[in-house]
Amino acid sequence: MLPLWTLPRLGVTVRNDPVDVRLLLGTRELRYAPATGWRAVGFTLSAKLPAPQLTGGSLFVPLTALNALGLQVLADTPALLDFAAPASVPAATLPPSPDLGQTPAPGPTTGTAPVPAPTPSPLPQPLPTFTVNLDTVRVSRTLHRTVEVQRVVLELSGAAAASVARLQNGLTVTLSGVSVTPGTQTLESGDTLSLTQSPQGAVVGLTTGGGRSEIFTLNNPERVVIDTTTYLDGAVPPPVDPDALPDGVAYRQLGGLHLLSFDPARYQPRVVSAPTGQASGVADLVKRVGGVAGVNGGYFDPGTHLPVDLVATGGLMTAPSLEKRATLGFTAQGDTLFGYPRPRYVLSGAGFSVTVNSVRAKADPSLLTAFVGDGRTRVGADRLTTLLVAPGAAAVGSALSGVVTPPAGTLAFTFDPARFPQLPRAAGAPLTATLNWRADGGWDAATDALSAGPLLVQGGRVALDPAREGFNTAASIWRPTRQVAFGTLAGQPTIAFLEHGSPEAFAAALAKAGVRDAVRLDSGSSATAFVTGGYANLGGYLNTVWSRPVPNAIVLVPRADAAPAARR
């Protein structure tokens, strides 16, 4: 069988109506109605023909019907079905069959008294004649995991203006100045498609059962396309809804590039981390601090969920820096910094200043190590001393030997007294701990930071330099995949997500979109761009599994001093 809507391209004029099918080729015509079956006009059928079939929203007719019409078949093999080129392609749709729907004339008599003929109903006013026709309707349906995508294509014989009215359970599209053969059919998705002729033109009704429809036009030939996306599983988060964003949040999509920008007068970015050694979904990290949006952070070890590069929150460095990769920093006022800092803790006291070697829980007798306590993780070891210092304090809170579990938020410094004799070993001794960013450009004011890389855009231009940051471009970290970044656009902090591409393609797309500065974050399966109510990284319907849990994220939180703002 062949879909009926394709037959005009073979030179056959058609009527595409399941209850009134017409096929006309030259002087030979076939008509089909469910009550009567196939009927021939202009010739005699030599054999019974199979009935048409409605499959996937399209009406199919048997090849034997085309043979009966005299359509020239050049090749009919399992791999090839070929027809002769038609002399012309019909532009119009056939009207209803003239021998259907006739009723007997009124006025019979019974007995001696005539029975009056029924009063005729007023004749409907004739509809205007339009020069543009709705020739064919094509419907396709695709399932992507738990997301159904239905496409309805309305093919017109000429250009026409389309107006859309959205209803609670669907929509209607009015095609001004277009004629249509009325009809209704149930699509494979369960949606109902109706075609109605009005004095203004063709009216196409579509019930969508809660799906979201997007409408656009194409030309050459003229078409109106309705794409309906329906989420069949309510447990799967939806994509970003541009009509339901919080105040001060703007969403743009440029091809496969998605951009979420935030009014800096209302929102400021900060780094939010899961408990040490744990991971959480980005949406959970956003909700934990009352944020409106977030994006996953830097690279981490999937086995331990420990970051492999710098993480700092609230002025405390919780993971050490590799000191070579692009870093994002945020001040307490919400300003965003870009650069290559090499932060270290520095301990100072009476007549001494010592730089801490590393930030980690595991003790090393040869090093001075720091750790920000979480109330669970143990530090220290036999013959080593651990100093507990409250952030901002000017004296040692506790000096302990052996294994220690520092309270949450307390700085712990572990060392061998023989190697660092200048450090105090008693509670109350003068001691200050400061975080030296060792970088220019305002980094001394940074309170939060996160390293990832590479730097994609700087000053509005592509700034990619993998060699500078020690990236192996032959490894999987550089493969084309889902890409995610954080940057600034028109002075606004911005989350960027690319559905698929290389770091080079991502950088080029950001620069073209007008992004001024941007650093790539952990991409691939970790890439997650979330805003209240949806995920930009769903990429429409192509990707319904959003990401793996992550140990940290950049979250946009409402500013405490934000004034009420108008709707975006």
Side-chain angles (χ1 to χ4, degrees), residues 239-240 242 245 249-264 267-269 271 282 293-299 309 325-330 334-340 441 449-469 471 473 477-531 534-540 542-543 546-547 553-556:
V240 172
L245 294 176
V249 181
Y251 171 71
R252 286 198 299 162
Q253 182 176 359
L254 306 172
L257 179 65
H258 303 255
L259 299 169
L260 282 164
S261 296
F262 303 85
D263 180 357
Y267 304 102
Q268 66 181 78
V271 175
V282 170
V295 59
N296 63 285
Y299 307 104
D309 210 339
R325 290 188 172 163
T327 301
L328 291 163
F330 308 113
D335 297 327
T336 302
L337 307 170
F338 300 86
Y340 298 89
L450 187 145
S451 293
L455 182 67
L456 297 170
V457 179
Q458 186 174 44
R461 297 187 178 187
V462 173
L464 208 59
D465 188 351
R468 173 183 178 178
E469 300 185 32
F471 282 102
T473 58
I477 197 171
W478 211 259
R479 72 191 186 282
T481 183
R482 300 191 301 176
Q483 304 282 347
V484 66
F486 190 88
T488 55
L489 172 64
Q492 296 186 325
T494 298
I495 294 171
F497 179 85
L498 183 69
E499 293 176 14
H500 186 82
S502 65
E504 288 85 356
F506 194 20
L510 292 172
K512 184 177 180 181
V515 172
R516 177 174 175 78
D517 300 283
V519 171
R520 187 178 86 151
L521 303 173
D522 188 6
S523 296
S525 60
S526 296
T528 309
F530 171 82
V531 65
Y535 285 80
N537 57 293
L538 285 175
L542 296 177
N543 181 22
W546 46 102
S547 77
I554 298 173
V555 176
L556 277 301

Tell me if the CD atom of Gln458 is crowded by more than 12 foreign heavy atoms within 6.0 Å. no
Non-hydrogen side-chain atoms of Gln492 and Arg516 separated by less than 4.5 Å: no
Plane angle bin for Phe471 and Trp478 - parallel if under 30°, tilted between 30 and 60°, otherwise perpendicular: tilted
Is the shortest heavy-atom distance from the side chain of Pro269 to the side chain of Thr336 under 4.5 Å? yes
Leu521 side chain near Leu328 side chain, heavy-atom distance below 4.5 Å: yes
Centroid separation Phe506 to Phe497 less than 6.0 Å: no
Taking the side chain as every heavy atom from C-beta outward, state whether Leu245 and Val531 have any pair of such atoms under 4.5 Å apart. yes
Looking at CG of Leu456 and CG of Asp465, how far apart are the two atoms once the value is rounded to the nearest 0.5 Å? 12.0 Å
Once you round to the nearest 0.5 Å, how far does CD1 of Ile495 lie from CG of Leu489? 12.5 Å
Taking the side chain from Asp309 and the backbone from Arg325, do they hold a donor-acceptor pair closer than 3.5 Å? no
Could you list the residues that satisfy side chain to side chain donor-acceptor pair (under 3.5 Å) with Arg520, not counting sequence neighbours? Tyr299, Gln483
Give me the one residue out of Phe330, Phe486, Tyr267 that meets side-chain contact (heavy atoms from CB on, under 4.5 Å) with Pro493. Phe486
Can a donor-acceptor pair be found, under 3.5 Å and without considering hydrogens, that links the side chain of Thr488 to the backbone of Gly491? no
Nearest heavy atoms of Ala449 and Thr327, plus distance in Å: CB-CG2, 4.2 Å
Judged by modelled atom types alone, do Thr494 and Ser261 share a side-chain donor-acceptor pair under 3.5 Å? yes
Checking side chain to side chain contact (heavy atoms under 4.5 Å, CB included) for the pair His258/Arg252: CA distance, chi angles, key distance, verdict? CA-CA 6 Å; His258 303 255; Arg252 286 198 299 162; over 6 Å; no
Partners meeting side chain to side chain donor-acceptor pair (under 3.5 Å) with Glu469 (sequence neighbours left out): Tyr340
Nearest 0.5 Å, please: how far is CG in Leu556 from CG in Leu260? 9.0 Å
Determine whether Leu259 and Leu510 make a side-chain contact, defined as any pair of heavy atoms from C-beta on separated by less than 4.5 Å. yes
N/O donor-acceptor pair under 3.5 Å between Ser523 side chain and Val484 backbone: yes
Find the distance between CZ (Arg482) and OG (Ser526) and round it off to the nearest 0.5 Å. 8.5 Å
Rounded to the nearest 0.5 angstrom, the CG-NZ distance for Leu257 and Lys512 is 10.5 Å
Mind checking side chain to side chain donor-acceptor pair (under 3.5 Å) for Asp517 and listing every partner two or more places apart, or none if nothing turns up? none
